[in-house]
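Have a look at the structure below, then the notes.
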Amino acid sequence: MNVRKRFGTHSDHQGYKWWALSCTSLGMLLVATNSGTLIIALPDLERALGTSLLELVWVILAYMISSTVLVLTAGRLSDLFGRKTAFVGAFLVFAAASLGAGFAADGTQLICWRVLQGIGGAFIFANGPALVTDAFPKEQLGLAMGTNTMVAAIGLVIGPVLGGALVAVSWQWVFWFNVPLALAGALWSALVLRELARRDTVRGLDLAGTATFVVGLTGLVYGISRGGISGWDDSLVIGSLIVAAVLLPLFVLIEHRGRAPMLDLRIFENRLFAAASGATFINGLARFALMFIFVFYFQGAQGDDPIVAGIKLAPMALGMLVASPLAGVWADRHGSRLLAALGMVVTAAGLAMMTTLQADTPYWQSLIWLAIVGIGSGMFMSPNTAAMMGTVPTERRGIAAGVRTMLQNTGAVISIAFVLAIITAAVPKPILFKIFSGLASGLSSAQLAPFIDNMHTALWVLAAVSLLGAAVSLLRPKEAPARLPSANRGLAIDEAIREEIEATP
């Protein structure tokens with residue numbers, strides 16, 4: 001009897017691991033490139049859809065919140081129903097959401113499609129590393145993760161430039177370009193991936209914890225972001241912050257007492273892991289609003305077109321990508337404590353120097369300060385991630401990675417909302433909307449001054465938060481160098497780069 005040959009190779013074949021790696025690399029390329037293309041398009045979205053400033057910001061925040069709070073649940077569902085199925089489905093969801101986003105008629109519709117896009121992104125992030133780990137032997141895991149990192153790095157660098165080119169055609173193509181790439185990823189993954197992991201027979205999802213965290217975090221972010229625009233005495237602002245004040249502590253209580261919690265709080269009993277986790281949250285809080293600020297600085301205050309603005313943003317990603325692997329190697333030999341703290345100090349210095357920027361400042365100064373912040377971030381992320389991953393047992397590294405992702409992204413979401421509240425304060429609404437829609441080229445220096453002053457205030461706050469992160473990094477005990485075996489160094493570096501992608505708008 002003739003048996004139809006399957007596409008690709010059998011899971012036992014030594015070449016299967018490379019087929020699996022091609023699938024996960026497609027996923028990383030999709031989410032990394034998408035991150036940069038959208039943020040460049042924000043001024044065009046405001047003009048085309050007539051969105052309010054709050055809606056414009058929530059085009060970013062909706063994706064970040066949904067992908068942040070669901071990444072742990074996505075991993076759990078994949079354990080129950082199969083990683084291949086979840087990974088293929090994630091591509092399809094991402095494609096459908098991207099197609100719908102391009103047809104959005106207003107800001108509300110676009111935000112809804114972005115939530116769905118975030119769900120697809122959460123399943124890609126949750127399953128990519130697991131599929132690679134299933135396919136590769138331990139001694140080659142670093143090489144595999146390093147390959148994913150390289151692909152993601154390419155996406156991070158070209159995303160803003162590609163976004164500028166797509167916006168020049170039409171803002172819809174910022175979303176529609178994802179569709180063929182996502183469909184190709186789904187088809188390729190369906191053909192070549194094999195289900196290697198056994199499905200978990202222990203059923204159960206932490207629905208109460210997930211729902212509490214989603215509503216609580218959304219209330220906090222909505223209250224902060226709306227407060228800077230509508231005033232802190234607005235009833236919706238007060239109500240949202242009250243909801244957050246009630247539900248976020250309740251989330252911790254639920255996780256502490258739950259049978260199968262989304263967030264296993266016992267992992268924080270390790271002092272090194274707890275301190276590194278705190279620094280991870282603070283790093284997200286201190287740095288991830290920076291690209292948001294500079295998109296409107298370049299396109300608004302300086303009047304650049306989207307392509308030029310995308311090119312101007314590249315030094316921060318390049319600085320991080322160069323420094324991260326070098327810092328990882330150094331930390332392997334000498335430990336992570338001092339290097340992680342120094343990285344936060346360097347980031348703080350770059351943020352502080354950005355307060356010298358004015359509307360007419362030449363670009364070479366922005367280039368230097370963005371590169372310094374990128375270098376500082378790379379110095380922090382690889383050693384900090386290596387410490388977190390190396391201090392927990394092998395069987396708990398999945399939990400550790402999920403915790404790190406959630407904390408980093410939570411900090412990033414709050415960072416954007418908080419910075420929005422600062423930079424919009426006391427700026428006349430007509431001027432503010434011209435800046436956020438990229439139409440500020442006709443404004444005088446005096447008219448732009450309130451926005452620039454608020455930008456400086458936000459940068460000083462972020463610099464102070466970075467210094468706090470350095471202090472928290474020093475609270476960890478000194479660990480012996482080379483805690484991670486060589487096969488896992490690439491994993492630690494890759495997870496550090498992955499933090500950048502997951503928390504990029």
Side-chain angles (χ1 to χ4, degrees), residues 28-48 56-57 59-61 63-64 67 98 101-102 114 117 121 149-178 181 287-324 350 354 357 363-375 377-378 412 415-416 419 435-438 455 497-505:
M28 295 305 295
L29 180 64
L30 175 66
V31 293
T33 307
N34 172 74
S35 299
T37 55
L38 174 62
I39 196 166
I40 283 295
L42 289 178
D44 285 77
L45 286 176
E46 195 279 329
R47 293 196 300 268
L56 188 68
V57 174
V59 170
I60 294 177
L61 294 179
Y63 175 88
M64 294 178 68
S67 60
S98 299
R114 286 285 286 167
Q117 205 175 42
T149 300
M150 180 185 67
V151 173
I154 293 171
L156 280 176
V157 174
I158 69 174
V161 182
L162 176 62
L166 292 171
V167 165
V169 179
S170 171
W171 69 265
Q172 288 92 340
W173 284 103
V174 172
F175 298 102
W176 286 343
F177 97 96
N178 293 318
L181 184 58
R287 189 176 58 83
F288 279 102
L290 198 58
M291 186 178 289
F292 177 81
I293 292 174
F294 271 83
V295 162
F296 296 110
Y297 172 69
F298 288 141
Q299 293 194 56
Q302 295 204 319
D304 294 322
D305 62 59
I307 296 178
V308 172
I311 295 172
K312 284 185 171 183
L313 285 170
M316 186 165 67
L318 290 172
M320 188 270 295
L321 295 173
V322 170
S324 187
M354 287 174 178
L357 298 176
Y363 172 64
W364 65 265
Q365 294 186 34
S366 300
L367 184 152
I368 293 174
W369 311 142
L370 285 169
I372 287 176
V373 171
I375 290 170
S377 299
S415 176
I416 291 178
V419 162
I435 292 171
F436 276 77
S437 60
M455 184 182 82
I497 304 295
R498 196 183 311 280
E499 290 177 7
E500 175 75 14
I501 302 163
E502 291 170 344
T504 301

Quiz item: When rounded to the nearest 0.5 angstrom, what is the spacing between CG in Leu290 and OG in Ser377?
Solution: 8.5 Å
Quiz item: Run the side-chain contact (heavy atoms from CB on, under 4.5 Å) check on Leu45 and Leu42 step by step: do they pass?
Solution: CA-CA 5 Å; Leu45 286 176; Leu42 289 178; 4.1 Å; yes
Quiz item: Does the side-chain contact (heavy atoms from CB on, under 4.5 Å) test come out yes or no for Phe298 and Leu313, once each step is laid out?
Solution: CA-CA 9 Å; Phe298 288 141; Leu313 285 170; 4.1 Å; yes
Exercise. Not counting sequence neighbours, list each pair that qualifies as a salt bridge (Lys or Arg N to Asp or Glu O under 4.0 Å) and has a residue in residues 159-171.
Key: none
Practice problem: Test Thr37 against every option in Ile158, Val174, Val167, Val161 by the side chain to side chain contact (heavy atoms under 4.5 Å, CB included) rule and name the one that passes. | Solution: Val174
Quiz item: Does any pair with a residue in residues 155-174 pass side-chain hydrogen bond (donor to acceptor under 3.5 Å, both in side chains), and if so which ones, sequence neighbours excluded?
Solution: Ser170-Gln172
Quiz item: To the nearest 0.5 Å, what is the distance between CG (Leu370) and CG (Leu318)?
Solution: 10.5 Å
Practice problem: Please name the pair of heavy atoms, one in Val59 and one in Arg114, separated by the smallest distance, quoted to 0.1 Å. | Solution: O-NE, 2.8 Å
Self-check item: CD1-CD distance between Ile40 and Gln299, expressed to the nearest 0.5 angstrom
Solution: 5.5 Å
Quiz item: Among Leu38, Leu162, Asn178, Leu181, which residue meets the side chain to side chain contact (heavy atoms under 4.5 Å, CB included) test with Thr33?
Solution: Leu162
Quiz prompt | CA sep, side-chain torsions, deciding dist, call: Ser415, Arg287, side-chain contact (heavy atoms from CB on, under 4.5 Å) | solution = CA-CA 8 Å; Ser415 176; Arg287 189 176 58 83; over 6 Å; no
Self-check item: Atom pair CG/CZ of Leu61 and Phe292 - distance to nearest 0.5 Å
Solution: 8.0 Å
Exercise. Output every pair passing salt bridge (Lys or Arg N to Asp or Glu O under 4.0 Å) with a member in residues 154-163, not counting sequence neighbours, ordered by first then second residue.
Key: none
Exercise. Tell me, with the steps shown, if Met354 and Ile293 meet side-chain contact (heavy atoms from CB on, under 4.5 Å).
Key: CA-CA 11 Å; Met354 287 174 178; Ile293 292 174; over 6 Å; no
Exercise. Would you indicate whether the side-chain heavy atoms of Phe294 and Leu357 approach each other to under 4.5 Å?
Key: yes
Practice problem: Identify the two heavy atoms, one from Phe296 and one from Pro43, that lie closest to each other, and give their separation to 0.1 Å. | Solution: CE2-CG, 4.1 Å
Self-check item: Nearest-0.5 Å distance that lies between atom CD1 in Ile311 and atom OH in Tyr363
Solution: 9.0 Å
Practice problem: State, to 0.1 Å, how close Ile307 and Ala165 come at their nearest heavy-atom pair, and which atoms those are. | Solution: CG1-N, 3.5 Å
Quiz item: How far apart are the closest heavy atoms of Trp369 and Gly350, and which atoms are they?
Solution: CB-O, 4.0 Å
